Amino acid sequence: MIRYALLCDDDHSFEAWFSDSAGFDDQCARGLVECPHCGSTQVRKALAAPAVATSRKREATSEHRMAEMASKVKAHIRKNYDYVGTDFASEARAMHDGEKPARLIYGEASLSDTKALSEDGVPVTPLPDALAPTPPKKAN
């Protein structure tokens with residue numbers, strides 16, 4: 001489909017869709033393209049700018065997609081992980097050492113705690129603020 005910007009002989013502007021360029025030419029020649037403002041069938045193509053995605057549109061689309069993805073990650077964590085709050089380091093270490101059954105957890109830990117866990121072979125991944133779900137106790 002092609003969208004044309006059109007003008008009638010009274011300079012009324014309007015748009016119309018056609019299956020292709022030949023379709024416009026054929027319908028125009030048969031008097032089937034009519035100005036919606038005055039009814040004139042003397043219609044011509046107007047100069048039109050192409051529909052181009054601007055950097056602002058691309059940026060807005062990209063930001064929207066990132067926000068959607070972050071929302072999905074947060075929802076996944078809330079649904080599948082247990083929040084352990086500030087006990088994260090001790091819970092993770094206890095599971096790693098076999099003192100507690102393994103489960104998926106998230107919580108809060110200092111940089112030094114996460115570094116120590118990592119050095120001891122405890123699998124830990126800090127989440128950026130944009131991906132960390134709001135802790136249940138802080139939810140509105």
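In this text, all values refer to a predicted model and were calculated from it rather than measured experimentally.
With a 4.5 Å cut-off on side-chain heavy atoms, E108 and P135 count as touching. Between R78 and Y83, every side-chain heavy-atom pair lies at or beyond the 4.5 Å cut-off. Proximity of F88 to D113: side-chain heavy atoms (C-beta onward) are nowhere separated by under 4.5 Å. No side-chain heavy atom of V73 sits under 4.5 Å from any side-chain heavy atom of L127.
Annotation: salt bridge (Lys or Arg N to Asp or Glu O under 4.0 Å) contacts of D87 (sequence neighbours excluded): none.
Taken to the nearest 0.5 Å, the OH atom of Y106 stands 9.0 Å off from the CG atom of D82. Here the straight-line distance linking atom CD of E34 with atom CG of L32 works out to 9.5 Å at 0.5 Å rounding. From M95, atom CE reaches atom CG of L104 across 8.0 Å, with rounding to the nearest 0.5 Å. The distance from the CG atom of D120 to the NE2 atom of H96 is 7.0 Å, given to the nearest 0.5 Å. Distance OG/S19 to CD/Q27: 7.0 Å, rounded to 0.5 Å. From Y4, atom OH reaches atom SG of C28 across 10.5 Å, with rounding to the nearest 0.5 Å.
Applying the 6.0 Å contact sphere to NZ of K45 captures more than 12 heavy atoms from other residues, nucleotides or ligands.
Comment: R30 engages D26 in a salt bridge, judged by a side-chain N to carboxylate O separation of less than 4.0 angstrom.
Judged by distance alone, the side chain of H12 and the main-chain N or O of P36 form no donor-acceptor pair under 3.5 Å. The backbone N or O of C8 sits less than 3.5 Å from a side-chain atom of R44, completing a donor-acceptor pair.
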### Query
What do the steps show when you test V84 against R103 for side-chain contact (heavy atoms from CB on, under 4.5 Å), and what is the final call?
CA-CA 11 Å; V84 295; R103 61 191 171 120; 3.6 Å; yes

